[in-house]
Amino acid sequence: MLRNILAETLDRVSRNLALRPFYSMEEYQRWFDQNPEFLHNGAIRRIQLTEPLALEGTNNLYRAQHWVQTPDSANHLAEQEIVVKICKYWAPTGKNRIHRLNALLSAFQDEIRINNLIHATNIEGVVQSMGGGTAGRHPYLKMEFIKGCSLDKTFRTDLTDFDVLQRVAQLAYLANTISQLHYYQVVHKDLKPKNLLLCQNPSHKNNHKILVCDFGYAQAKMRETVTEYGGQMTPCYSAPEQAIMGENLSSSVDYFSFGIIVHEYLTGKKLFPKSMDIFIEDGHRITDRYLEYLKTGRENQFNDPRFPELSKWIDQLTIFDSYDRMHQCPNLFDIAHKLRERVNAQGFRDVNTDFLWNQLGEYGRR
């Protein structure tokens, strides 16, 4: 009995000592050095953090070097550059703090499992996971490093006709990726430009493609501070039912987000231009006024005659009611291949359209 009481007391004390809103890169590195991953053949898989990438929200992102060291060699073998996502061991003070911390850590473990599932399905259009682990009390996830930028860095209002063709091809590929995720019952729930990476690496097989990342909210249950605003949805990109329902969400939420992203990527303009202003004016909360604006405030400015259906699809993808949205809009797989057909009909082809064409051959639909 005394041993159990002592163990529980020490565990509680160590948890409270570890609870901190910020750890330095050097402190995280010490945990990785003390907790290497041992492989079955006696080799050791090591991580060396090199620079911080993002330190907001519930996670920290670091660029890192990753290698395997064999027992009979001090050299680095199979070294590669990766991104390490570390779950912050922190929950704000208040009632049920340890319970809230455990929920946060559990949600991160769910994210690791989702990434492992996606990796096993060989879905190409996502940032590939390399597994996860725990260094001390810090859960982490390893991902491939993508040279490029998040999609929000590419928005422009002065696109040429060629630019539009290229971007429509990329969006067709993205639509197909989201469709494949839905096939495996993975709903992202937080699609936004910052969670989409445009690969700009000629040596990468996915160069010039838009890749999906950050599945931290895909299967989360009541996870706190998921977004940069401390809520469970991202204003301006999340579907209205995410504010109304919160749970039991369907793939319709990704359709809504995708429609907004399509418009913004092709026009450089917000589909609901006043949504962020309303959100801020209402105290950074999703209010009835904000939701009413999503019903009536859409300003669709895409009107390229080469893609007569696309403007209509943007409207259908962003219908307020999720039931009507899913019944009026084609599924994303069909949208992907209809866009590919339109792009090819304009004499344009690239790695995005070639991938979709080859996919049809694999499915026997040519």
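Side chains included, hydrogens not; waters and symmetry mates left out as well; all remaining heavy atoms used. Starting from 1, each residue takes its place in the sequence as its number.
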Next on the checklist: Is the shortest side-chain heavy-atom distance between Leu165 and Val168 below 4.5 Å?
Outcome noted: no
Next on the checklist: If hydrophobic clusters are built from ILVMFWY residues whose side chains come within less than 4.5 Å, do Leu332 and Tyr323 share one?
Outcome noted: no
Item to check | Full working for ring pair (Phe, Tyr, Trp, His ring centres under 6.0 Å) between Phe32 and Tyr140 | outcome: CA-CA 10 Å; Phe32 282 116; Tyr140 65 88; 4.9 Å; yes
Checklist entry - Relative to the ring of Tyr293, is the ring of Phe272 parallel (under 30°), tilted (30 to 60°) or perpendicular (over 60°)? => result perpendicular
Checklist entry - From Leu294 CG over to Ile260 CD1, what is the distance, rounded to the nearest 0.5 angstrom? => result 7.0 Å
Checklist entry - With a 4.5 Å limit on heavy-atom distance, are the side chains of Gln359 and Asn176 in contact? => result yes
Next on the checklist: Regarding Lys194 and Ser150, do their side chains bring together a donor and an acceptor under 3.5 Å, going by distance alone?
Outcome noted: no
Checklist outcome for this item: Correct closest heavy-atom pair for Gln109 and Thr134 would be NE2-OG1, 4.0 Å
Next on the checklist: Please determine whether side-chain hydrogen bond (donor to acceptor under 3.5 Å, both in side chains) holds for the pair Lys88 and Thr58, giving the CA-CA distance in whole Å, both sets of side-chain angles, and the decisive distance to 0.1 Å.
Outcome noted: CA-CA 6 Å; Lys88 291 183 180 179; Thr58 59; over 6 Å; no
Item to check | Other cluster members, Phe38 - Ile/Leu/Val/Met/Phe/Trp/Tyr, side-chain contacts below 4.5 Å | outcome: Ile44
Next on the checklist: Apply salt bridge (charged side-chain N to carboxylate O under 4.0 Å, His left out) to residues Asp163 and Arg156 and explain how you reach the verdict.
Outcome noted: CA-CA 10 Å; Asp163 291 335; Arg156 291 166 34 211; 3.2 Å; yes
Item to check | Rounded distance [0.5 Å steps], CZ in Arg298 versus CD1 in Ile314 | outcome: 10.0 Å
Checklist entry - Regarding His204 and Glu144, is there a side-chain donor-to-acceptor distance under 3.5 Å anywhere? => result yes
Checklist entry - Do Tyr255 and Gln316 have a side chain donor and acceptor closer than 3.5 Å? => result no
Checklist entry - Any salt bridge between Lys85 and Glu111, counting N to O under 4.0 Å? => result yes
Item to check | Results of side chain to side chain donor-acceptor pair (under 3.5 Å) for Gln128 - residues two or more places apart only | outcome: His119
Checklist entry - Thinking salt bridges, do Glu299 and Lys274 make one under a 4.0 Å N-O criterion? => result no
Checklist entry - Going through the distances and angles, do Glu37 and Lys142 end up as a salt bridge (charged side-chain N to carboxylate O under 4.0 Å, His left out)? => result CA-CA 12 Å; Glu37 182 181 351; Lys142 298 175 292 184; 3.4 Å; yes
Checklist entry - Under the side chain to side chain contact (heavy atoms under 4.5 Å, CB included) test, which residues partner Tyr183, sequence neighbours left out? => result none
Item to check | Closest heavy-atom pair and its distance - Leu291, Pro240 | outcome: CD2-CB, 4.0 Å
Checklist outcome for this item: Nearest heavy-atom approach of Ala239 to Val253 is CB-CA, 3.8 Å
Next on the checklist: Under 4.5 Å between side-chain heavy atoms, counting indirect links through other Ile/Leu/Val/Met/Phe/Trp/Tyr residues: same cluster for Ile178 and Tyr184 or not?
Outcome noted: yes
Checklist entry - Do Tyr23 and His138 have their ring centres less than 6.0 Å from each other? => result yes
Checklist entry - Rounded to the nearest 0.5 Å, how far does CG of Asn358 lie from CG of Asp354? => result 6.5 Å
Item to check | Side chain proximity check, Pro308 to Arg342, heavy atoms < 4.5 angstrom | outcome: yes
Checklist entry - Is the side chain of Asn195 donor-acceptor paired with the backbone N or O of Asp190 at a distance under 3.5 Å, no angle test? => result yes
Checklist entry - Any side-chain donor paired with an acceptor under 3.5 Å for Ser129 and Asn115? => result no
Next on the checklist: What I want to check is whether the side chains of Glu124 and Tyr173 have a donor and an acceptor closer together than 3.5 Å.
Outcome noted: yes
Next on the checklist: Just by distance, no angles: are the side chains of Tyr237 and Glu264 close enough, under 3.5 Å, to form a donor-acceptor pair?
Outcome noted: yes
Checklist entry - Any Lys/Arg nitrogen of Arg306 or Asp161 sitting under 4.0 Å from an Asp/Glu carboxylate oxygen of the other? => result yes
Checklist entry - Are Phe320 and Phe258 linked, directly or through other ILVMFWY residues, by side chains that come within less than 4.5 angstrom of each other? => result yes
Item to check | Aromatic ring proximity Phe348/Phe162, centre distance under 6.0 Å | outcome: yes
Next on the checklist: According to a hydrophobic-cluster definition based on side-chain heavy atoms being under 4.5 Å apart (Ile, Leu, Val, Met, Phe, Trp, Tyr only), do Leu159 and Leu174 belong together?
Outcome noted: yes
Checklist entry - For Leu104 and Cys87, what are the C-alpha separation, side-chain angles and deciding distance, and is it a side-chain contact (heavy atoms from CB on, under 4.5 Å)? => result CA-CA 8 Å; Leu104 184 68; Cys87 182; 4.3 Å; yes
Next on the checklist: I need the minimum non-hydrogen distance between Thr318 and Phe256, along with the two atoms involved.
Outcome noted: O-CE1, 3.4 Å
Checklist outcome for this item: Of all heavy-atom pairs linking Ser106 and Arg113, the shortest is O-NH2, 4.2 Å
Next on the checklist: If the threshold is 4.0 Å, N to carboxylate O, is there a salt bridge linking Glu27 and Arg20?
Outcome noted: yes
Checklist entry - Judged by modelled atom types alone, do Gln200 and Asn207 share a side-chain donor-acceptor pair under 3.5 Å? => result no
Checklist entry - For Glu341, what residues pass the salt bridge (charged side-chain N to carboxylate O under 4.0 Å, His left out) criterion, not counting sequence neighbours? => result none
Checklist entry - If Ile, Leu, Val, Met, Phe, Trp and Tyr residues are connected whenever their side-chain heavy atoms lie under 4.5 Å apart, and connections chain through other members, are Ile319 and Val262 in the same group? => result no
Checklist outcome for this item: Across all chains, not counting sequence neighbours, the salt bridge (charged side-chain N to carboxylate O under 4.0 Å, His left out) partners of Arg167 are none
Next on the checklist: Does the structure place the NZ or CZ of Arg97 under 6.0 Å from the centre of the six-membered ring of Trp90, at an angle of no more than 45° from the ring's axis?
Outcome noted: yes
Item to check | Shortest non-hydrogen contact from Lys189 toward Asp254 | outcome: N-OD1, 3.0 Å
Item to check | Test item: side-chain donor near acceptor, Tyr28 and Asn60, under 3.5 Å | outcome: yes
Next on the checklist: Test of understanding: with salt bridge (charged side-chain N to carboxylate O under 4.0 Å, His left out), list the residues that count as partners of Asp33, not counting sequence neighbours.
Outcome noted: none
